[in-house]
Student: 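One structure is given below, represented as structure tokens, and several questions about it will come after.
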Amino acid sequence: MIKLEIEEFIFEVKDEILSYEELGEEYADRWEQEFLAWLKNDKIKKKNVKTDKGNTYFLIDDESEIFDIADEYYYAVDANKIDEYWKKFQ
């Protein structure tokens with residue numbers, strides 16, 4: 001299990017989203033804003049988010065999860081199903 005500080009997690013996912021020419025910076029920034037809104041929503045149980053000594057972390061099994069998150073976002077944008085992406089996000 002890898003613990004990434006939230007800022008580092010956001011950077012890594014946005015960097016991967018930017019590798020898709022079809023998405024670019026607009027969608028990378030949109031992902032960040034929607035992720036931060038997801039993170040602040042107390043109604044959502046977040047199994048991969050942990051707080052330790054005042055720092056918040058996103059837990060992943062390995063680096064490939066970053067690629068999977070970006071890939072799933074790409075497919076959601078392409079299918080115009082971004083809302084569904086966030087409903088299933090963990």
Side-chain angles (χ1 to χ4, degrees):
M1 188 67 62
I2 301 170
K3 266 178 25 176
L4 295 174
E5 287 193 26
I6 290 297
E7 295 80 14
E8 182 181 358
F9 173 73
I10 291 170
F11 174 82
E12 294 292 335
V13 173
K14 283 180 68 175
D15 191 50
E16 189 60 30
I17 289 172
L18 286 169
S19 71
Y20 292 104
E21 290 179 20
E22 299 88 349
L23 299 182
E25 197 164 329
E26 174 189 350
Y27 280 101
D29 290 341
R30 182 175 172 182
W31 183 89
E32 178 179 13
Q33 295 308 311
E34 291 171 339
F35 173 75
L36 291 172
W38 175 87
L39 191 61
K40 290 178 185 174
N41 187 340
D42 292 333
K43 295 178 183 177
I44 299 171
K45 184 175 180 183
K46 300 165 188 79
K47 65 180 180 178
N48 292 342
V49 177
K50 301 292 179 211
T51 302
D52 185 27
K53 299 177 185 173
N55 292 322
T56 304
Y57 300 92
F58 196 91
L59 307 176
I60 59 174
D61 289 326
D62 58 45
E63 293 288 326
S64 69
E65 281 193 50
I66 299 292
F67 304 119
D68 292 343
I69 289 167
D71 288 347
E72 289 171 18
Y73 190 68
Y74 172 80
Y75 297 129
V77 169
D78 190 50
N80 199 22
K81 295 184 177 185
I82 295 173
D83 288 341
E84 291 174 27
Y85 169 87
W86 289 109
K87 287 177 186 173
K88 294 188 243 175
F89 185 81
Q90 275 299 327

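Just the heavy atoms: all of them, side chains too, but no hydrogens, waters or symmetry mates, feed the values below. Position 1 is the first residue of the sequence; numbering continues from there.
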Student: Could you grab the distance from atom NZ of Lys50 to atom CG of Leu59, nearest 0.5 Å is fine?
Tutor: 6.5 Å
Student: Classify the ring geometry between Phe35 and Phe58 as parallel (under 30°), tilted (30 to 60°) or perpendicular (over 60°).
Tutor: perpendicular
Student: Supply the atom-to-atom distance Asp71 CG to Glu16 CD, rounded to the nearest 0.5 angstrom.
Tutor: 7.0 Å
Student: Step through the shown structure and confirm whether more than 12 heavy atoms of other residues, nucleotides or ligands are within 6.0 Å of CD on Glu25.
Tutor: no
Student: Give me the atom names and distance for the closest heavy-atom approach of Tyr57 to Ile6.
Tutor: C-CD1, 4.0 Å
Student: According to salt bridge (Lys or Arg N to Asp or Glu O under 4.0 Å), who are the partners of Asp62, at least two apart in sequence or on a separate chain?
Tutor: none
Student: Residues two or more places apart in sequence or in another chain: which of them pass side chain to side chain contact (heavy atoms under 4.5 Å, CB included) with Tyr85?
Tutor: Trp31, Ile69, Glu72, Tyr73, Ala76, Phe89
Student: Indicate yes or no for a side-chain donor-acceptor contact from Lys46 to the backbone of Asn41 under 3.5 Å, with no hydrogens or angles considered.
Tutor: yes
Student: Assess whether side-chain contact (heavy atoms from CB on, under 4.5 Å) is satisfied between Arg30 and Ile82, documenting all intermediate values.
Tutor: CA-CA 10 Å; Arg30 182 175 172 182; Ile82 295 173; 3.6 Å; yes
Student: For Ile10 and Leu36: C-alpha separation, side-chain torsions, deciding distance, then whether side-chain contact (heavy atoms from CB on, under 4.5 Å) applies.
Tutor: CA-CA 9 Å; Ile10 291 170; Leu36 291 172; 3.7 Å; yes
Student: If you measure from OH on Tyr74 to CG on Leu23, what distance do you get to the nearest 0.5 Å?
Tutor: 7.0 Å
Student: Could you walk me through whether Val49 and Phe9 satisfy the side-chain contact (heavy atoms from CB on, under 4.5 Å) test, starting with their C-alpha distance in whole Å, then the side-chain angles of each, then the deciding distance to 0.1 Å, before giving a yes or no?
Tutor: CA-CA 11 Å; Val49 177; Phe9 173 73; over 6 Å; no
Student: Between atom CZ of Phe11 and atom CG of Leu18, what is the distance when rounded to the nearest 0.5 Å?
Tutor: 9.0 Å
Student: Considering residues at least two apart in sequence or located in another chain, which fulfil the side chain to side chain donor-acceptor pair (under 3.5 Å) criterion with Asp52?
Tutor: Lys3
Student: Measure from the side-chain N and O atoms of Glu65 to the backbone N and O of Asp61, and report whether any donor-acceptor pair falls under 3.5 Å.
Tutor: yes
Student: Quick check for you: to the nearest 0.5 Å, what is the distance between Thr56 atom OG1 and Glu7 atom CD?
Tutor: 8.0 Å
